[in-house]
Asks: 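Submitted below is the structure of interest, expressed as C-alpha coordinates.
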Amino acid sequence: MSAPPPWAQLLALPAEEAALGLLGSTLVVRDDDGAEVAVRLTEVEAYSGELDPGSHAYRGRTERTAPMFRPGGRLYVYFTYGMHWCSNIVCGEDGTASALLLRAGQIVRGLDVARARRPAAKSDRDLARGPARLAQALGLTGADSGLELTVGGRAELEVAEPVTPGQVRTGPRVGVTGPGGDGTVFPWRFWLDGEPTVSDYRPGVRRTRRGP
DNA sequence: CCCCAGATTATCT
DNA sequence: GATAATCTGGGGA
(Lines give C-alpha, C1' and ligand atoms only; values in the text may rest on other atoms or scores of the structure.)
Protein backbone atom coordinates (compact mmCIF):
# COMPACT_ATOMS: atom_id res chain seq x y z
CA MET A 1 0.00 0.00 0.00
CA SER A 2 1.35 3.38 -0.92
CA ALA A 3 0.03 6.70 0.30
CA PRO A 4 -2.10 8.62 -2.16
CA PRO A 5 -0.14 11.29 -4.05
CA PRO A 6 -0.45 14.93 -2.91
CA TRP A 7 -2.79 15.76 -5.77
CA ALA A 8 -5.28 12.95 -5.12
CA GLN A 9 -7.92 15.05 -3.40
CA LEU A 10 -7.66 17.92 -5.84
CA LEU A 11 -7.99 15.75 -8.93
CA ALA A 12 -10.91 13.81 -7.48
CA LEU A 13 -12.95 16.99 -7.89
CA PRO A 14 -14.86 17.73 -11.08
CA ALA A 15 -12.67 19.61 -13.54
CA GLU A 16 -14.40 22.96 -13.11
CA GLU A 17 -13.67 22.81 -9.39
CA ALA A 18 -10.16 21.44 -9.68
CA ALA A 19 -9.24 24.20 -12.12
CA LEU A 20 -8.67 26.80 -9.42
CA GLY A 21 -6.38 24.49 -7.50
CA LEU A 22 -4.43 23.49 -10.54
CA LEU A 23 -3.62 26.97 -11.79
CA GLY A 24 -0.16 27.86 -10.56
CA SER A 25 0.77 24.22 -10.04
CA THR A 26 3.56 22.66 -12.04
CA LEU A 27 3.35 19.62 -14.29
CA VAL A 28 6.63 17.77 -14.64
CA VAL A 29 7.30 15.34 -17.48
CA ARG A 30 10.48 13.29 -17.66
CA ASP A 31 12.13 11.52 -20.52
CA ASP A 32 13.68 8.08 -20.61
CA ASP A 33 16.98 9.94 -20.86
CA GLY A 34 16.29 11.85 -17.66
CA ALA A 35 15.49 15.07 -19.50
CA GLU A 36 12.85 17.00 -17.60
CA VAL A 37 10.53 19.81 -18.54
CA ALA A 38 8.32 21.49 -15.95
CA VAL A 39 5.51 23.86 -16.80
CA ARG A 40 3.65 26.11 -14.41
CA LEU A 41 0.04 26.08 -15.55
CA THR A 42 -1.42 29.49 -16.31
CA GLU A 43 -4.51 28.57 -18.32
CA VAL A 44 -6.81 25.55 -18.26
CA GLU A 45 -10.23 24.73 -19.62
CA ALA A 46 -12.77 22.33 -18.14
CA TYR A 47 -14.57 19.63 -20.09
CA SER A 48 -16.90 17.93 -17.75
CA GLY A 49 -19.26 15.07 -18.06
CA GLU A 50 -21.08 13.25 -20.79
CA LEU A 51 -23.67 16.02 -20.90
CA ASP A 52 -21.13 18.64 -21.97
CA PRO A 53 -21.58 19.12 -25.72
CA GLY A 54 -18.04 20.42 -26.08
CA SER A 55 -16.48 17.35 -24.57
CA HIS A 56 -15.03 14.45 -26.50
CA ALA A 57 -16.96 12.29 -24.06
CA TYR A 58 -20.29 13.76 -25.15
CA ARG A 59 -21.14 10.81 -27.32
CA GLY A 60 -20.05 8.29 -24.78
CA ARG A 61 -16.97 6.27 -24.16
CA THR A 62 -14.77 5.25 -27.06
CA GLU A 63 -11.31 3.80 -27.21
CA ARG A 64 -9.85 7.29 -27.54
CA THR A 65 -11.79 8.87 -24.70
CA ALA A 66 -11.57 5.95 -22.28
CA PRO A 67 -8.97 7.72 -20.09
CA MET A 68 -11.42 10.56 -19.46
CA PHE A 69 -13.77 8.13 -17.74
CA ARG A 70 -11.13 6.84 -15.40
CA PRO A 71 -10.42 8.30 -11.95
CA GLY A 72 -8.69 11.67 -11.78
CA GLY A 73 -4.91 11.80 -11.74
CA ARG A 74 -3.90 10.68 -15.20
CA LEU A 75 -3.43 12.21 -18.64
CA TYR A 76 -5.76 12.30 -21.60
CA VAL A 77 -3.89 13.20 -24.79
CA TYR A 78 -5.62 13.54 -28.14
CA PHE A 79 -4.61 14.32 -31.70
CA THR A 80 -6.23 17.07 -33.70
CA TYR A 81 -6.02 19.03 -36.94
CA GLY A 82 -3.99 16.24 -38.44
CA MET A 83 -0.81 17.28 -36.67
CA HIS A 84 -1.16 18.45 -33.07
CA TRP A 85 -1.34 16.70 -29.74
CA CYS A 86 -3.18 18.35 -26.86
CA SER A 87 -3.02 17.22 -23.26
CA ASN A 88 -5.50 17.10 -20.42
CA ILE A 89 -5.35 16.17 -16.78
CA VAL A 90 -8.23 13.85 -15.99
CA CYS A 91 -10.31 14.86 -12.98
CA GLY A 92 -13.24 13.53 -11.02
CA GLU A 93 -14.42 10.18 -9.78
CA ASP A 94 -14.25 6.97 -11.72
CA GLY A 95 -16.81 7.00 -14.52
CA THR A 96 -17.35 10.76 -14.68
CA ALA A 97 -15.49 11.83 -17.85
CA SER A 98 -14.09 15.08 -16.54
CA ALA A 99 -10.83 16.66 -17.61
CA LEU A 100 -8.87 19.88 -17.80
CA LEU A 101 -7.36 20.86 -21.13
CA LEU A 102 -3.93 22.35 -20.46
CA ARG A 103 -4.11 25.50 -22.55
CA ALA A 104 -0.97 27.36 -21.57
CA GLY A 105 1.86 27.60 -19.11
CA GLN A 106 5.27 28.92 -18.27
CA ILE A 107 8.30 26.68 -18.60
CA VAL A 108 10.04 26.75 -15.24
CA ARG A 109 12.60 23.95 -15.70
CA GLY A 110 14.07 22.29 -18.75
CA LEU A 111 14.11 25.40 -20.89
CA ASP A 112 16.77 24.03 -23.19
CA VAL A 113 14.84 20.83 -23.83
CA ALA A 114 11.61 22.74 -24.43
CA ARG A 115 13.33 25.09 -26.86
CA ALA A 116 14.71 22.16 -28.82
CA ARG A 117 11.24 20.62 -29.07
CA ARG A 118 9.64 23.89 -30.12
CA PRO A 119 11.93 25.37 -32.77
CA ALA A 120 9.09 27.50 -34.12
CA ALA A 121 8.76 29.43 -30.88
CA LYS A 122 9.88 33.01 -31.35
CA SER A 123 10.40 33.56 -27.64
CA ASP A 124 10.32 31.56 -24.43
CA ARG A 125 6.91 33.04 -23.78
CA ASP A 126 5.60 31.11 -26.79
CA LEU A 127 7.04 27.74 -25.74
CA ALA A 128 3.84 26.59 -24.04
CA ARG A 129 1.39 29.33 -25.04
CA GLY A 130 -1.44 27.22 -26.47
CA PRO A 131 -2.50 23.62 -25.87
CA ALA A 132 -0.62 22.01 -28.75
CA ARG A 133 2.49 24.02 -28.01
CA LEU A 134 2.37 23.02 -24.36
CA ALA A 135 2.05 19.33 -25.20
CA GLN A 136 4.92 19.57 -27.66
CA ALA A 137 7.17 21.34 -25.17
CA LEU A 138 6.51 18.57 -22.68
CA GLY A 139 7.00 15.84 -25.27
CA LEU A 140 3.52 14.40 -24.74
CA THR A 141 1.88 12.30 -27.46
CA GLY A 142 -0.86 9.74 -27.76
CA ALA A 143 1.48 7.20 -26.25
CA ASP A 144 0.98 9.08 -22.98
CA SER A 145 -2.80 9.07 -23.03
CA GLY A 146 -4.03 7.27 -19.94
CA LEU A 147 -0.69 7.63 -18.17
CA GLU A 148 -1.13 7.95 -14.44
CA LEU A 149 0.63 10.73 -12.58
CA THR A 150 3.00 9.25 -10.03
CA VAL A 151 5.51 10.72 -7.63
CA GLY A 152 8.89 10.52 -9.32
CA GLY A 153 7.38 8.93 -12.42
CA ARG A 154 7.30 10.04 -16.05
CA ALA A 155 4.66 12.62 -15.17
CA GLU A 156 3.85 14.21 -11.86
CA LEU A 157 2.34 17.31 -10.38
CA GLU A 158 3.87 19.78 -7.98
CA VAL A 159 0.84 21.27 -6.31
CA ALA A 160 1.21 24.96 -5.54
CA GLU A 161 -0.28 26.95 -2.73
CA PRO A 162 -3.82 27.74 -3.78
CA VAL A 163 -4.15 30.93 -5.75
CA THR A 164 -6.60 33.51 -4.49
CA PRO A 165 -9.83 34.04 -6.42
CA GLY A 166 -8.60 37.55 -7.22
CA GLN A 167 -5.72 36.13 -9.25
CA VAL A 168 -7.98 34.03 -11.41
CA ARG A 169 -10.03 35.16 -14.37
CA THR A 170 -12.68 33.09 -16.08
CA GLY A 171 -14.37 33.19 -19.42
CA PRO A 172 -16.41 31.11 -21.81
CA ARG A 173 -15.07 28.35 -23.92
CA VAL A 174 -15.61 29.42 -27.46
CA GLY A 175 -18.73 28.22 -29.19
CA VAL A 176 -19.57 25.62 -26.60
CA THR A 177 -22.66 25.58 -24.45
CA GLY A 178 -22.80 24.01 -21.06
CA PRO A 179 -24.17 20.71 -19.86
CA GLY A 180 -27.76 20.21 -20.82
CA GLY A 181 -27.29 21.85 -24.19
CA ASP A 182 -29.79 24.53 -23.22
CA GLY A 183 -27.69 27.32 -24.66
CA THR A 184 -26.06 28.24 -21.38
CA VAL A 185 -22.44 29.16 -21.87
CA PHE A 186 -20.33 28.11 -18.92
CA PRO A 187 -17.26 30.15 -17.87
CA TRP A 188 -15.05 27.11 -17.96
CA ARG A 189 -11.88 28.70 -19.18
CA PHE A 190 -9.65 29.71 -16.29
CA TRP A 191 -6.43 31.69 -16.36
CA LEU A 192 -4.09 33.58 -14.08
CA ASP A 193 -4.59 37.30 -14.41
CA GLY A 194 -1.71 39.20 -15.94
CA GLU A 195 0.27 36.15 -17.08
CA PRO A 196 2.02 36.79 -20.39
CA THR A 197 1.93 33.09 -21.24
CA VAL A 198 -1.86 32.93 -21.45
CA SER A 199 -2.88 31.94 -24.95
CA ASP A 200 -4.61 33.98 -27.55
CA TYR A 201 -8.12 32.77 -27.83
CA ARG A 202 -9.21 32.63 -31.38
CA PRO A 203 -12.09 30.38 -32.29
CA GLY A 204 -11.06 27.66 -34.66
CA VAL A 205 -11.80 28.68 -38.20
CA ARG A 206 -14.35 26.47 -39.77
CA ARG A 207 -12.96 25.11 -42.96
CA THR A 208 -15.45 26.03 -45.60
CA ARG A 209 -15.58 23.87 -48.64
CA ARG A 210 -14.12 25.41 -51.76
CA GLY A 211 -16.95 25.87 -54.17
CA PRO A 212 -16.49 24.96 -57.84
C1' DC B 1 -0.36 45.02 -35.25
C1' DC B 2 -4.23 42.13 -37.86
C1' DC B 3 -6.23 38.73 -40.93
C1' DC B 4 -5.98 34.74 -43.74
C1' DA B 5 -5.03 30.21 -45.73
C1' DG B 6 -2.67 25.95 -45.63
C1' DA B 7 -0.98 22.04 -43.33
C1' DT B 8 -2.41 16.94 -42.53
C1' DT B 9 -4.69 12.54 -40.37
C1' DA B 10 -7.06 9.90 -36.33
C1' DT B 11 -11.49 9.35 -35.20
C1' DC B 12 -16.18 8.95 -35.66
C1' DT B 13 -20.56 9.08 -38.72
C1' DG C 1 -16.54 11.27 -46.13
C1' DA C 2 -16.29 15.22 -42.81
C1' DT C 3 -14.56 17.12 -38.98
C1' DA C 4 -11.27 18.92 -35.60
C1' DA C 5 -10.51 21.53 -27.61
C1' DT C 6 -4.55 24.28 -33.52
C1' DC C 7 -0.25 26.48 -35.22
C1' DT C 8 2.46 28.82 -38.46
C1' DG C 9 4.12 31.86 -42.00
C1' DG C 10 2.96 35.32 -45.25
C1' DG C 11 1.00 39.56 -46.66
C1' DG C 12 -1.37 43.92 -45.70
C1' DA C 13 -2.27 48.23 -42.78
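Treat the numbers as computed from the prediction; the structure is a model and nothing was measured. By convention in this document, chain letters (A, B, ...) are assigned in the order of the sequence lines, proteins followed by strands, and residues within each chain are numbered from 1.
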Asks: Both distances under 3.5 Å, Watson-Crick or G-U wobble: report the partner of B:dT13, or none.
Replies: none
Asks: How many whole angstroms separate atom CG of A:D126 from atom P of C:dT6?
Replies: 16 Å
Asks: Atom CD of A:E158 and atom CZ of A:R40: how far apart are they, to the nearest 0.5 Å?
Replies: 12.5 Å
Asks: Among the nucleotides B:dT13, B:dT8, C:dG9, which one has an atom lying closest to any side-chain atom of A:A120?
Replies: C:dG9
Asks: Side-chain contact, heavy-atom cut-off 4.5 Å: A:L102 with A:V44?
Replies: yes
Asks: When you measure from the side-chain N and O atoms of A:R129 to the phosphate of C:dC7, is any distance below 4.0 Å, counting only OP1 and OP2?
Replies: no
Asks: Is any side-chain N or O of A:Y78 under 3.5 Å from a base N or O of C:dA5, one able to act as donor and the other as acceptor?
Replies: yes
Asks: Measuring to OP1 and OP2 of C:dT8, would you say a side-chain N or O of A:R118 lies under 4.0 angstrom away?
Replies: yes
Asks: If you measure from OG1 on A:T42 to CD on A:Q167, what distance do you get to the nearest 0.5 Å?
Replies: 12.5 Å
Asks: Could you please name the partner base of C:dA5, counting Watson-Crick and G-U wobble pairs only when both distances are under 3.5 Å?
Replies: none
Asks: Counting heavy atoms from C-beta on, name the nucleotide in C:dT6, B:dC12, B:dT9 closest to the side chain of A:F79.
Replies: B:dT9
Asks: Tell me whether the OP1 or OP2 atom of C:dA5 has a side-chain N or O from A:T80 closer than 4.0 Å.
Replies: no
Asks: Measure the spacing between CD of A:E93 and CG of A:L13 and express it to the nearest 0.5 Å.
Replies: 8.5 Å
Asks: Once you round it to whole Å, what is the distance between C1' of B:dT8 and CH2 of A:W85?
Replies: 13 Å
Asks: In whole Å, what is the span from the CD atom of A:E63 to the P atom of B:dT13?
Replies: 14 Å
Asks: Between A:H84 and C:dA4, does any side-chain N or O lie under 4.0 Å from OP1 or OP2?
Replies: no
Asks: Calculate the interatomic distance between A:L127 atom CG and C:dC7 atom P; express it in whole Å.
Replies: 13 Å
Asks: Distance check needed: C:dT6 P versus A:L102 CG, whole Å only.
Replies: 13 Å
Asks: When you measure from the side chain of A:Y81, which nucleotide among C:dA5, C:dT6, B:dA7 comes out closest?
Replies: C:dT6
Asks: Between C:dA5, C:dT6, C:dT8, spot the one nearest the side chain of A:R133, thanks.
Replies: C:dT8
Asks: Are A:K122 and C:dG9 close enough that a side-chain N or O sits under 4.0 Å from OP1 or OP2?
Replies: yes
Asks: Counting only side-chain heavy atoms from C-beta out, which of B:dT11, C:dA5, B:dT13 sits nearest to A:S55?
Replies: C:dA5
Asks: Tell me whether the ring of A:Y47 lies stacked over the C:dA5 base, given a 5.5 Å limit on centroids and a 30° limit on the plane angle.
Replies: yes
Asks: Figure out the CZ/P separation between A:R103 and C:dA5, and round it to whole Å.
Replies: 11 Å
Asks: Answer yes when A:R61 and A:E50 have at least one side-chain N-carboxylate O distance shorter than 4.0 Å, and no when they do not.
Replies: no
Asks: Quick one: A:L101 CG to C:dC7 C1', roughly how many Å, whole number?
Replies: 14 Å
Asks: Out of A:L23, A:L41, A:V90, A:L22, which residue meets the side-chain contact (heavy atoms from CB on, under 4.5 Å) rule with A:L100?
Replies: A:L22
